Number of protein chains: 2
Amino acid sequence: MGFREDVKKIKALTDENRLAIMLALQHGEKCGCDLLEELNITQPTLSHHMKILADSGLVDYYKEGKWMHYSISADGVREFRDMIGSYARCDCETDESVSCGCREKK
Amino acid sequence: MGFREDVKKIKALTDENRLAIMLALQHGEKCGCDLLEELNITQPTLSHHMKILADSGLVDYYKEGKWMHYSISADGVREFRDMIGSYARCDCETDESVSCGCREKK
DNA sequence: TTGATACATTGAAATGTATCTATGTTTATG
DNA sequence: CATAAACATAGATACATTTCAATGTATCAA
């Protein structure tokens with residue numbers, strides 16, 4: 001199973017600064033220097049965190065002149081929540097349409 | 001904000017073995033020895049992982065004789081998904097009823 | 001009581017992560 | 001061209017995490 005890939009994505013949200021960044025982007029795109037003002041960290045540290053968020057697919061970005069513009073990826077967060085839901089769920093709330101099928105007849 | 005607590009909970013799912021455990025428990029409770037057979041790890045390592053999952057609230061447990069019985073916490077996974085949803089989401093899918101209110105008039 | 005089973009705890013080694021300073025790269029401006 | 005601004009990269013340090021062997025604890029059965 002692709003646990004390794006999923007672990008890597010989930011790790012994108014296991015840092016206080018990265019959670020703050022996700023909230024900061026929730027109402028629209030921002031550039032790195034905007035984020036730097038809100039987050040008591042240095043520029044290389046922000047750069048490090050943005051790379052992790054972008055790699056996870058949660059955050060989109062594009063370069064315009066010297067500025068990097070960051071924003072939440074609508075597809076990224078939807079897929080992320082679906083992935084989380086495949087682990088953080090129990091049988092009692094299982095919908096047959098998304099059953100894993102492991103108990104079905106052969 | 002309670003980023004530290006949330007990071008701690010999310011970290012519960014940032015390990016391949018713990019993801020495997022969540023899937024293994026998805027159709028009902030199991031004891032530690034059942035899990036040990038499915039997961040190529042030693043008993044102390046399983047004990048370590050079960051403590052982390054239990055502390056996060058994702059997994060419930062009770063002791064019966066020498067056995068520990070583990071199961072998914074229905075409340076735990078629902079709250080976990082809600083918490084994830086508060087970070088992994090974008091403005092374009094914001095429902096006013098759960099708006100953070102940061103742009104409202106004073 | 002003795003032995004076996006299920007699980008927890010301790011301590012150590014290996015690996016991974018977050019952060020900073022220093023420096024490099026790219027782009028715009030005077 | 002020289003300078004400054006925005007960002008990336010490299011290297012170092014401190015800290016956290018995963019894992020196992022060794023050992024401890026609790027429970028049951030003979």
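So you know, we letter chains A, B, ... as the sequences are listed, proteins then strands, and number each from 1. Just so you know, these numbers come straight off a predicted model, no measurement behind them.
Between the P atom of dA5(D) and the CG atom of Asp34(A) lies a distance of 16 Å, rounded to the nearest Å. Summarising the geometry, the separation between CH2 on Trp67(A) and C1' on dC7(D) is reported as 12 Å, rounded to the nearest angstrom. Whole-Å rounding puts the Ile41(B) CD1 to dC20(D) P distance at 7 Å. Across the protein-nucleic acid pair, Asn17(B) atom CG and dT18(D) atom P stand 10 Å apart, rounded to whole Å. When the P atom of dG24(D) is taken as reference, atom CD of Gln43(B) falls 15 Å away, rounded to whole Å. Here the C1' atom of nucleotide dC7(C) and the NZ atom of Lys30(B) are 18 Å apart, to the nearest Å. If you measure from atom CG of Leu36(A) to atom C1' of dA5(D), you get 12 Å, rounded to the nearest angstrom. Computed from coordinates, the Lys11(B) NZ to dC15(D) P distance equals 14 Å when rounded to whole Å.
Residue order along DNA chain C, read from the 5' end via each residue's closest nucleotide, puts Ser47(B) first among Ser47(B) and Asn40(A).
Residues Tyr87(A) and Asp6(A) have side chains that bring a donor and an acceptor to within less than 3.5 angstrom of each other. No side-chain donor-acceptor contact under 3.5 Å links Tyr61(A) and Glu29(A).
At a threshold of 4.0 angstrom between heavy atoms, the contacts of Tyr70(A) are confined to the sugar-phosphate backbone, with no base atom among them. Nucleic acid contact class of Leu35(B) (heavy atoms, under 4.0 Å, all strands): none. Residue-level contact check: His48(A) touches the bases, meaning some heavy atom is under 4.0 Å from a base atom.
Among dA6(C), dA6(D), dA8(D), the nucleotide with an atom closest to any side-chain atom of Cys33(B) is dA6(C). In the set dT27(D), dA28(C), dA18(C), dT27(D) carries the atom at the smallest distance from any side-chain atom of Lys63(B). In the set dT9(C), dC20(C), dA18(C), dT9(C) carries the atom at the smallest distance from any side-chain atom of Pro44(B). In this structure, the nucleotide among dA18(C), dT5(C), dT21(C) sitting nearest to the side chain of His49(A) is dA18(C). The side chain of Ile52(A) has dA18(C) as its nearest neighbour among dA8(D), dA18(C), dT18(D).
At a threshold of 4.0 Å, the pair Glu79(A)-Lys9(A) does not count as salt-bridged, since none of the basic side-chain nitrogens sits closer than that to a carboxylate oxygen. Look at Arg78(A) and Asp75(A) and you find a salt bridge, because one of the NZ, NE, NH1 or NH2 atoms lies within 4.0 Å of a carboxylate O, short of that distance.
Without hydrogens or angle criteria, Glu16(B) side chain to Glu5(A) main chain gives no donor-acceptor distance under 3.5 Å.
The shortest distance between the side-chain N/O atoms of Thr45(B) and the OP1/OP2 oxygens of dT18(D) is not below 4.0 Å. The shortest distance between the side-chain N/O atoms of Thr42(B) and the OP1/OP2 oxygens of dT19(D) is not below 4.0 Å.
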